[in-house]
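Structure, as C-alpha cells:
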Amino acid sequence: MTQNPATTPDIPVPANRPLVGVFWMLVTGACFIGVTALVKFMGPRLPSAEAAFLRYAMGLVFILPMLRSLLATPVSKRQWGLFGTRGFFHAGGVILWFYAMTRLPIAEVTAMNYLAPIYVTVGAAIFLGEKLAARRIVAVCLGLAGAAIILRPGFREVSTGHLAMLLAAVVFAGSYLLAKVLADEARPVMIVTMLSIFVTIGLAPFAFTVWITPTAQELLILAGVAFFATAGHFTMTLAFAAAPVTVTQPVTFLQLVWATILGVVVFAEPVDIWVVLGGAVILGSVTFITWREAMLKRQVTPPAHATKF
C-alpha cells in the first residue's frame, strides 16, 4: 500500500455526487478485502516483519514518478523528525496487522480495524487539544463496548492475534494524528511519499533479523497486495472527492459483510455473529462521531478506512 489516506483531510470539499461517492467506496472496500484475502492466503510462513517489508519495498515503485519533484521541496528539521516518527509508528502497526491477519479470521481483523478512528478521537483530545463533548464520549464508549463484544474476554480465549490487532489500531491512530500535524506544513503527496519511504526503512532491520527466502508465489502475492492497497487508497480518494464522508462512511460496513462471506466461502471460517454485531457497534459509533464533526464543520476522526496500512 504505497499511499495512506491519512492525508484525506486535505482533499478539496466534496462535490454533491453521493451515488458516485458510494460507488467508489464500494470499489475501495473490494480492494481492501483483496488485500486481506491475499495476506490470509499467503499464510504465516514468512515472518510478519519480512512480509510487511517486502510489500512496502515493492510498493516504492509507485512513488518513483514523484521523486524528482519532491527532491526539490525543502523539508525542515522538525518535519524530518515528524516524518521519521510517523514512519516508525506505521511500521510497527503494519507488522502487527500482518501478524494478526495470518492468525485471526478475516471478519475479526476487519471489525477490529474499525477501532482506529475511535482511538484517534481520544488521541486528538489528549494531544491536539480537541474538545471531547459528552456525545463524543458516549460514542467512544460504545466503540469500546463493540470491541468487548468481539473479544468477549472471560468467555473465550483472547489470542496473541487479538492483542496484536488491538495494538495495531492504537499505533495506526498515532500515525494518523502525526499526519494531521504534518497536513498543516506539507503537501499531501509529500506526506504520502515520506510515509512509504520511512516505513520501508523502519521495517528493514526487523525483516532482515528474521529473513526467510520467499518463494516466487509469495512474492507474487505481496505484489498483488501492493497493487490492491494502492488502488484502494486511490478509489477512496475519488469517493471523498465525490461525496461527504458522512455519505461514504456507512458504506464501509459492507466490508465486514464481504469479509465474513469470504471467510466462510474461501477459508471455511465459521460465522461469528458476535463479531458482526461488535463491528456494527464500532462502526456505528465512528459514523456518529463523523456526522457530529461534519455538523460542527471540522474533521478530526478519520474515515473507517483511513488508518489502514
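The shortest heavy-atom contact between Leu38 and Ile221 is O-CG2, 3.4 Å. The two residues Ala168 and Gly93 have their closest heavy-atom pair at CB-O, 3.9 Å. Across every non-hydrogen atom of Ile282 and Ala111, the tightest pair is CD1-O, 3.9 Å. Taking every heavy atom of both residues into account, Ala242 and Val20 meet most closely at CB-CG1, 3.8 Å. Contact record, Phe83 with Ala186: CZ-CB, 4.2 Å, taken as the closest heavy-atom pair. The nearest pair of heavy atoms linking Met112 to Ala169 is O-CB, 4.3 Å.
Following chains of ILVMFWY side-chain contacts shorter than 4.5 Å, one can reach Met101 starting from Phe41, so the two form part of one hydrophobic cluster. Hydrophobic clustering, with ILVMFWY side chains joined whenever heavy atoms are under 4.5 angstrom apart, keeps Leu254 apart from Val271. A continuous path of ILVMFWY side-chain contacts below 4.5 Å connects Leu104 to Ile261, so both sit in one hydrophobic cluster. Cluster membership check: Ile126 shares its hydrophobic cluster with Tyr119, using side-chain heavy-atom separations under 4.5 Å among Ile, Leu, Val, Met, Phe, Trp and Tyr. Ile33 and Val264 fall into different hydrophobic clusters, where Ile, Leu, Val, Met, Phe, Trp and Tyr residues are linked whenever their side-chain heavy atoms come under 4.5 Å apart, directly or through other members.
At a threshold of 4.5 Å between non-hydrogen side-chain atoms, the residues Arg135 and Phe288 count as touching. Between Pro214 and Leu54, the closest side-chain pair of non-hydrogen atoms falls below 4.5 Å. Within the 4.5 Å cutoff, side-chain heavy atoms of Val35 are placed close to those of Trp97. Counting heavy atoms from C-beta on, the side chains of Val266 and Lys40 never come closer than 4.5 Å. Inter-residue side-chain proximity for Val94 and Phe172 is flagged as met; some heavy-atom pair is nearer than 4.5 Å.
Remark: Arg45 CZ is packed, more than 12 non-hydrogen atoms of other residues, nucleotides or ligands lying under 6.0 Å away. Within 6.0 Å of CZ on Arg156 lie more than 12 heavy atoms contributed by other residues, nucleotides or ligands. Under a cut-off of 6.0 angstrom, the local environment of CZ in Phe267 is crowded, with over 12 non-hydrogen atoms contributed by other residues, nucleotides or ligands.
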List the atom pairs, with distances to 0.1 Å, where a side-chain N or O of residues 197-212 and a protein N or O form a donor-acceptor pair under 3.5 Å, not counting sequence neighbours.
unit_1, atom_1, unit_2, atom_2, d
Thr200, OG1, Ser196, O, 2.7
Thr209, OG1, Pro205, O, 3.4
Thr209, OG1, Phe206, O, 2.8

Just list the side-chain donor-acceptor pairs under 3.5 Å for residues 140-152, sequence neighbours left out, or say none.
unit_1, atom_1, unit_2, atom_2, d
Arg152, NH1, Ile149, O, 3.3
Arg152, NH1, Ile150, O, 3.2
Arg152, NH2, Asp272, OD2, 3.2

Item to check | side-chain contact (heavy atoms from CB on, under 4.5 Å) assessment of Met165 paired with Asn113 | outcome: CA-CA 7 Å; Met165 196 58 215; Asn113 192 70; 3.5 Å; yes

Next on the checklist: Would Phe23 and Val27 count as a side-chain contact (heavy atoms from CB on, under 4.5 Å) here? Give the steps.
Outcome noted: CA-CA 6 Å; Phe23 169 77; Val27 176; 3.9 Å; yes

Next on the checklist: As a quick check of understanding, evaluate salt bridge (charged side-chain N to carboxylate O under 4.0 Å, His left out) for Glu185 and Lys180, giving each step before the final call.
Outcome noted: CA-CA 10 Å; Glu185 306 177 17; Lys180 290 285 292 181; over 6 Å; no

Next on the checklist: Run the side-chain contact (heavy atoms from CB on, under 4.5 Å) test on Thr28 and Met25 for me, step by step, so that the C-alpha distance in whole Å, both residues' side-chain angles and the decisive distance to 0.1 Å come before the verdict.
Outcome noted: CA-CA 5 Å; Thr28 298; Met25 190 55 74; 4.0 Å; yes

Next on the checklist: Determine whether Leu256 and Leu283 satisfy the following criterion, side-chain contact (heavy atoms from CB on, under 4.5 Å), listing intermediate values before the conclusion.
Outcome noted: CA-CA 10 Å; Leu256 179 57; Leu283 187 57; over 6 Å; no

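Looking only at distances, no side-chain donor or acceptor of Arg86 sits under 3.5 Å from a matching main-chain atom of Leu178. In this structure a side-chain-to-backbone donor-acceptor pair under 3.5 Å is missing from Ser175 to Val171. Formation of a donor-acceptor pair under 3.5 Å by the Glu269 side chain with backbone atoms of Ile106 is found in this model. Under the 3.5 Å distance criterion, the side-chain polar atoms of Thr85 are left unmatched by any main-chain donor or acceptor of Leu82.
A distance of 11.0 Å separates CG of Leu262 from CD of Gln255, quoted to the nearest 0.5 Å. Considering CG of Leu46 and CG of Leu222, their distance stands at 6.5 Å, rounded to 0.5 Å. Here the CD1-CG distance, from Ile191 to Leu182, works out to 5.0 Å after rounding to the nearest 0.5 Å.
With Tyr99 as the aromatic partner, Arg103 meets the cation-pi criteria of under 6.0 angstrom to the ring centre and within 45 degrees of the ring axis.
For the residue pair His162 and Glu108, a side-chain donor N or O sits within less than 3.5 Å of a side-chain acceptor on the partner.
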